[in-house]
Amino acid sequence: MRDEFGTSDARDTLAGELAGTLLAWYDRHARDLPWRVPPGSNHAPDPYRIWLSEVMLQQTTVAAVKTYFERFTTLWPRVTDLAEAEDDRVMAEWAGLGYYARARNLLKCARTVARDLGGTFPDSEEGLLALPGIGPYTAAAISAIAFDRPAVVLDGNVERVMARLHDIHDPLPGSKMTLKARAEALTPQHRPGDYAQAVMDLGATICTPRSPACGICPWRDPCVARDRGTQAELPKKTPKKAKPIRQGIAYVGRTPSGDWLLEKRPDSGLLGGMLGWPGTAWAEASQDHAPPLPANWRDTGAEARHTFTHFHLRLAVQVAVIDPGQIPGDSALRLVPAQDFRPSDLPTVMRKAFDLGRTAFDS
DNA sequence: AAACCGGGGAG
DNA sequence: CTCCCAGGTTT
């Protein structure tokens with residue numbers, strides 16, 4: 001068989017050499033991560049820990065994930081432990097990590113594995129893909145890392161490495177299939193789990209988005225973009241839309257005895273299932289004030305600023321000492337006693353609003 | 001196919 | 001401040 005790259009055998013040999021070079025680099029430079037089994041170790045990874053880390057790592061940096069991973073695995077060492085945890089407890093522990101649908105799907109997935117699968121994770125991509133919160137990337141990653149299967153792992157790191165290695169200028173996300181084909185051609189049958197982690201480590205530590213360290217890259221010689229000097233502009237991406245500015249009001253209320261007035265947000269939508277301060281809707285145009293209950297609300301003059309995935313928010317903070325008797329019975333409002341209240345249980349924007357509101361109470 | 005989902009770090 | 005980064009689900 002012959003094509004523009006020469007014989008398929010020659011292509012396989014080249015691919016094998018590239019994988020070998022990378023694995024040799026990984027053996028010396030693998031990062032020490034709490035969920036990782038170091039190369040050369042003779043014990044198998046725990047699929048539960050690999051799954052948990054991969055879900056936490058979706059759209060999230062290693063630095064941010066570390067403390068959350070340690071906390072979750074200490075509280076819930078096995079998937080069956082997590083499956084038995086209470087929803088609110090898990091949401092509170094996830095607070096600050098973002099993309100809260102991940103936490104809801106995490107619990108759904110743990111309960112499915114515990115109840116329907118005897119506490120054992122599927123070892124195939126297909127089986128994993130059927131579980132909540134596990135998409136193509138995560139299914140491939142778990143299959144490769146936890147079960148040493150030759151799955152094609154394609155995350156943002158691998159996309160960037162492939163685009164540069166092969167000097168592909170077509171913009172993402174349109175070029176995804178091209179990049180996946182390149183990644184597939186390089187995936188080895190020997191040590192595919194270590195290989196998958198090696199490519200992602202390469203992208204995270206050497207082949208970085210800005211100022212890649214080409215001088216110390218194990219793939220420096222075969223890298224076409226490096227040869228042509230185009231590495232800094234790859235991968236190209238289709239331009240993103242500008243984020244509008246939305247505004248709203250958060251009402252930070254406290255009873256005379258020090259209980260805080262909080263609200264459990266609906267399970268779906270922005271910050272779904274999380275605790276927060278009651279307030280107006282967040283819209284681009286300013287709107288009517290609508291306090292959750294009658295009280296002497298006072299504008300603090302302070303604004304919590306926060307950026308979500310698709311808009312910037314400016315949240316004005318008002319405070320009041322409230323009367324518990326004014327709370328409507330049928331609302332999502334709840335009083336949280338001072339000794340039970342932890343700001344760290346709130347999503348970041350609500351924690352910012354609390355910091356401003358507390359300052360106003362104290363002054 | 002496009003919109004909806006947070007947060008942190010670099011510059 | 002402004003950019004830049006990065007998977008899954010829902011519609």
Side-chain angles (χ1 to χ4, degrees), chain A residues 51-68 91 93-109 125 128-143 151-163 171-177 179-180 183 196 199-200 203-205 207-213 232-246 265-276 282 303-315 344-353:
Chain A
W51 163 72
L52 180 62
S53 68
E54 287 300 340
V55 172
M56 287 182 166
L57 286 164
Q58 290 166 4
Q59 306 288 97
T60 310
T61 59
V62 165
V65 164
K66 274 184 179 168
T67 57
Y68 285 84
M91 297 310 287
E93 286 300 330
W94 196 275
L97 201 54
Y99 287 112
Y100 298 96
R102 289 187 296 171
R104 298 191 297 275
N105 286 328
L106 189 82
L107 257 179
K108 276 189 210 163
C109 182
E125 273 185 88
L128 289 161
L129 205 46
L131 293 166
I134 299 183
Y137 161 73
T138 308
I142 297 171
S143 175
V152 183
V153 176
L154 194 71
D155 74 341
N157 289 305
V158 182
E159 288 172 353
R160 186 170 58 255
V161 170
M162 291 302 131
L172 280 165
S175 57
K176 213 174 181 74
M177 283 306 115
L179 296 171
K180 183 173 181 185
V199 194
M200 291 192 281
T205 64
C207 196
T208 51
R210 282 181 289 212
S211 23
E233 53 193 84
L234 298 177
K236 293 198 187 303
K237 303 199 171 183
T238 54
K240 60 231 167 286
K241 292 198 312 185
K243 292 178 183 182
I245 299 172
R246 294 190 192 174
R265 299 175 64 87
D267 274 337
S268 64
L270 194 68
L271 307 180
M274 300 299 291
L275 221 45
W282 302 339
E303 231 177 33
R305 291 194 175 201
H306 191 76
T307 299
F308 292 95
T309 312
H310 52 296
F311 64 93
H312 303 285
L313 178 65
R314 295 179 183 176
L315 194 59
S344 63
D345 288 356
L346 304 179
T348 300
V349 66
M350 297 299 176
R351 190 181 45 68
K352 288 178 182 174

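Protein chains get the first letters and strands the later ones, always in sequence-line order, with residue 1 at the start of each.
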Pairwise P distance, B:dG6 and C:dT11 [rounded to whole Å]: 15 Å

ring-ring contact (aromatic ring centres under 6.0 Å, His included) between A:H310 and A:F308, worked out: CA-CA 6 Å; A:H310 52 296; A:F308 292 95; 7.7 Å; no

Taking every non-hydrogen atom, the tightest pair across A:K243 and A:T309: CE-O, 3.0 Å

Protein-to-nucleotide contact annotation, 5' to 3' order, nucleotides 4-11 of chain B [B base; S sugar-phosphate only; - none; under 4.0 Å, heavy atom]: SBBB--S-

Taking every non-hydrogen atom, the tightest pair across A:T348 and A:G96: OG1-CA, 3.9 Å

Sugar-phosphate only, base, or nothing, as touched by A:K237 at under 4.0 Å among non-hydrogen atoms: sugar-phosphate

Donor-acceptor contact present, side-chain A:R314 to main-chain A:I245, <3.5 Å: no

Span that lies between the C1' atom of B:dG8 and that of C:dT9, in whole angstrom: 23 Å

Side-chain donor or acceptor of A:R160 paired with backbone N/O of A:C207 under 3.5 Å: yes

Covered region of DNA chain C, 5' end to 3' end, by chain A [heavy atoms, under 4.0 Å]: C:dC1 to C:dT9

Most 5' of A:N105 and A:P209 on DNA chain C, judged by nearest nucleotide: A:P209

Gap in Å between the two P atoms, one belonging to B:dC5 and one to C:dC5, rounded: 23 Å

N/O donor-acceptor pair under 3.5 Å between A:T60 side chain and A:Q58 backbone: yes

Side-chain donor/acceptor of A:Y68 to backbone N/O of A:A95, under 3.5 Å: yes

P atoms of C:dA6 and B:dG11, separation to the nearest Å: 15 Å

Residue pairs fulfilling salt bridge (charged side-chain N to carboxylate O under 4.0 Å, His left out) with at least one residue in residues 99-108 of chain A, sequence neighbours excluded: none

